[in-house]
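Okay, so here's the structure we're looking at.
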Amino acid sequence: MKKSKIVVIGVGTVGSTTAYTLLLRSRMDELVLIDANANKAVGDALDMNHGMPFLGHAKVWAGSYEDCKDADIVIITAGAAQKQGETRTDLLKRNVAIYESIITEVLKYNTDGILLIATNPVDIMSYFSWQKSGWPVNRVIGSGTLLDSARFRYLIGQHLKIDPRSVHAHIIGEHGDSELPVWSLANVAGTAFSLSDETKSEIFSNTRDAAYQIIEAKGATYYAIALALDRIVTAILRDESAVLNVATLLDNYHGVSDVFLGVPCIVDRQGVREVLDIRINEEEKALLHRSADHLKELIRKVR
Ligand code: NAD
C-alpha cells in the first residue's frame with residue numbers, strides 16, 4: 001500500500017503545531033518539515049522523533065523540496081506572522097514574494113498532490129497558489145473560514161450551553177475583517193434558535209476579532225488552526241466527503257466569481273469535490289459580495 005506523506009512548509013508556531021497535531025493523531029506514515037530556517041526544522045524533527053516510543057510508527061524528518069515528491073498533501077504555513085495591530089492585508093505583499101519561491105520549488109518535484117494553504121491573508125494566498133501552480137482548482141485549498149466557523153460554533157455553544165459539535169453554523173467569506181455570519185442557517189440539531197440582536201452582534205464580533213485578541217495576549221494563534229488543518233487533512237486522506245468551510249475558487253456562487261472565499265465545500269480525496277449550494281438571505285448575499293469585492297481589490301493591488 002502506498003505510504004501517506006505530508007509535507008509542512010514553514011514550521012513556525014502554526015506549522016510545528018500542525019505537524020505535532022498530525023503526528024499525535026497518526027494521520028500519515030511520513031511527515032516532512034521544511035523551513036527557510038533549516039535549524040528550526042531539524043530541531044522540530046528531532047524533538048518529535050524523541051516522542052516516537054510513546055506514539056508508535058511514523059517517519060519524521062527535516063527535508064528539502066525534493067521531498068515533496070510523492071507527497072499527498074503539501075501544507076504551506078510559511079510566511080510572516082501577523083504582528084500586534086497589523087491587519088492581515090498588511091502581510092500580503094511580504095507573503096506573496098515568499099510564495100513565489102515556495103510554489104516554484106514544490107512544482108519541480110510534485111504535480112499531482114494537494115496544496116493546503118494557511119498563510120494569511122489565506123484567501124489571497126490560496127488564489128495566488130492556484131494561479132501560480134496551474135493545478136486544477138480542486139487541488140488547491142485554503143483553510144478559509146473553517147477556524148472562524150469553529151470559533152463561532154464554540155461561542156454559540158457557550159451561550160446556549162450546548163456542545164459546539166452539535167451547533168451548526170457558518171462563517172463565510174474572507175478569513176478576516178469582512179467575513180460574515182450566516183445566522184439564517186444556524187441551528188442546533190436542525191432546530192433554529194433565537195438570540196437577541198445584541199447577543200448575535202457580540203458573538204460575531206468575538207468570532208471575527210478572536211485572532212486580534214489572542215495575538216494581543218500571546219503573540220500568535222496556533223492550536224485551533226492546527227486542529228482545523230488536521231480536520232481538512234483527515235477529510236482528504238480518508239476520502240470523507242466532509243462539509244468544511246474551506247476557501248475555494250468561486251464560480252457564480254450567489255453571483256460571486258473569480259475569487260477564493262471560505263464557503264461550505266465537500267472535501268474528499270480529490271480535495272474540494274464540490275461547493276455546497278447553501279441558501280443565504282439577501283442581507284447575507286450583500287455581505288458576501290462586499291467581502292469578495294474587498295479581496296478582489298487587494299488582489300488588484302499586488303498584481
Ligand atoms: P511564524 O513566524 O512563527 O512562522 C513562519 C515560518 O515560516 C518561520 O519558521 C519562517 O522561518 C518560515 N518561512 C519564512 N519564509 C519562508 C520560506 N521562504 N520558506 C520556508 N519557510 C519560510 O508564523 P506563524 O505564527 O507560524 O504563522 C504562519 C502563518 O499562518 C501566518 O501567515 C499567519 O498569519 C497564518 N495563520 C493563519 C491562520 C488561518 O486561519 N489560516 C491562523 C493562524 C495563523
Side-chain angles (χ1 to χ4, degrees), residues 7-21 32-45 62-65 67-68 74-106 115-129 132 141-152 171-177 179 207-233 244-248 260-262 295:
V7 177
V8 179
I9 302 177
V11 280
T13 54
V14 173
S16 58
T17 311
T18 301
Y20 188 54
T21 304
V32 183
L33 310 179
I34 297 176
D35 199 290
N37 175 359
N39 278 338
K40 175 66 166 74
V42 168
D44 274 344
S64 65
Y65 282 99
D67 294 305
C68 290
V74 176
I75 305 175
I76 313 183
T77 55
Q82 194 175 10
K83 295 187 187 120
Q84 195 175 328
E86 185 181 37
T87 65
R88 291 195 176 100
T89 51
D90 291 338
L91 290 169
L92 180 55
K93 285 192 177 166
R94 283 197 282 157
N95 285 336
V96 165
I98 289 172
Y99 265 51
E100 275 280 354
S101 65
I102 290 178
I103 305 277
T104 304
E105 286 303 313
V106 172
L115 288 174
L116 176 52
I117 310 299
T119 306
N120 277 320
V122 69
D123 307 285
I124 295 179
M125 300 316 294
S126 306
Y127 184 82
F128 179 76
S129 302
K132 176 87 188 157
I141 307 174
S143 57
T145 46
L146 187 59
L147 172 59
D148 316 69
S149 300
R151 287 172 172 153
F152 192 46
I171 296 287
I172 62 172
E174 177 196 11
H175 166 62
D177 300 342
E179 67 189 28
T207 301
R208 184 194 55 210
D209 301 337
Y212 295 117
Q213 196 188 344
I214 298 168
I215 289 167
E216 194 177 341
K218 63 168 190 167
T221 76
Y222 38 91
Y223 293 123
I225 179 61
L227 286 163
L229 292 169
D230 171 71
R231 183 71 196 87
I232 300 168
V233 164
L244 303 173
N245 289 351
V246 293
T248 192
F260 268 66
L261 285 180
L295 284 173

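Both counts, for ligands and for their atoms, begin at 1 and track the order of listing. We count residues from 1, following the sequence as given.
- The N/O atoms of Thr77, backbone and side chain alike, include none that comes under 3.5 Å of an N/O atom in ligand 1.
- Side chain of Asn95 to backbone of Met125: no donor-acceptor contact under 3.5 angstrom is found.
- Only the side chain of Ile225 comes within 4.0 Å of ligand 1, judged by heavy-atom distances.
- In the vicinity of Leu147, heavy-atom distances shorter than 4.0 Å reach the ligand 1 atoms 40 (O).
- The shortest N or O to N or O distance between Ala118 and ligand 1 is under 3.5 Å.
- Contact annotation for Lys40 and ligand 1: no heavy atom of the residue comes within less than 4.0 Å of the ligand.
- Closest heavy-atom approach to atom 9 (O) of ligand 1 within the set Asn120, Ile34, Asp35: this belongs to Asp35.
- Contacts of Ala80 with ligand 1, taken as heavy-atom pairs under 4.0 Å, involve the backbone alone.
- Among the atoms of Ala36, some N or O lies under 3.5 angstrom from an N or O of ligand 1.
- With contacts defined as side-chain heavy-atom distances shorter than 4.5 Å, the pair Tyr99/Ile117 qualifies.
- Contact check for Ile75 versus Ile9: no side-chain heavy atoms found under the 4.5 Å cut-off.
- The closest non-hydrogen atom to atom 26 (O) of ligand 1, taken over Asp123, Ile76, Val14, comes from Val14.
- Side-chain contact between Leu295 and Tyr127 is absent, with no heavy atoms from C-beta onward closer than 4.5 Å.
- In terms of N/O distances under 3.5 Å, ligand 1 is not approached by Ser101.
- Closest heavy-atom approach to atom 7 (O) of ligand 1 within the set Ala211, Ala97, Gly79: this belongs to Gly79.
- The heavy atom nearest to atom 18 (N) of ligand 1, out of those in Asp148, Ile98, Thr221, is found in Ile98.
- Between Ile172 and Glu179, the closest side-chain pair of non-hydrogen atoms is not below 4.5 Å.
- Within the 3.5 Å criterion, the main-chain N or O of Thr119 finds no donor-acceptor partner in the side chain of Thr77.
- With hydrogens and angles ignored, the 3.5 Å screen pairs no side-chain donor or acceptor of Asp35 with any backbone N or O of Lys40.
- Nearest residue to atom 19 (N) of ligand 1 from Val11, Leu92, Thr145, Ile102 is Ile102 (criterion: closest heavy atom).
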Would Ile171 and Asn245 count as a side-chain contact (heavy atoms from CB on, under 4.5 Å) here? Give the steps. CA-CA 8 Å; Ile171 296 287; Asn245 289 351; 5.6 Å; no
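- When side chains are defined from C-beta on, Glu100 counts as touching Phe128, because their heavy atoms get closer than 4.5 Å.
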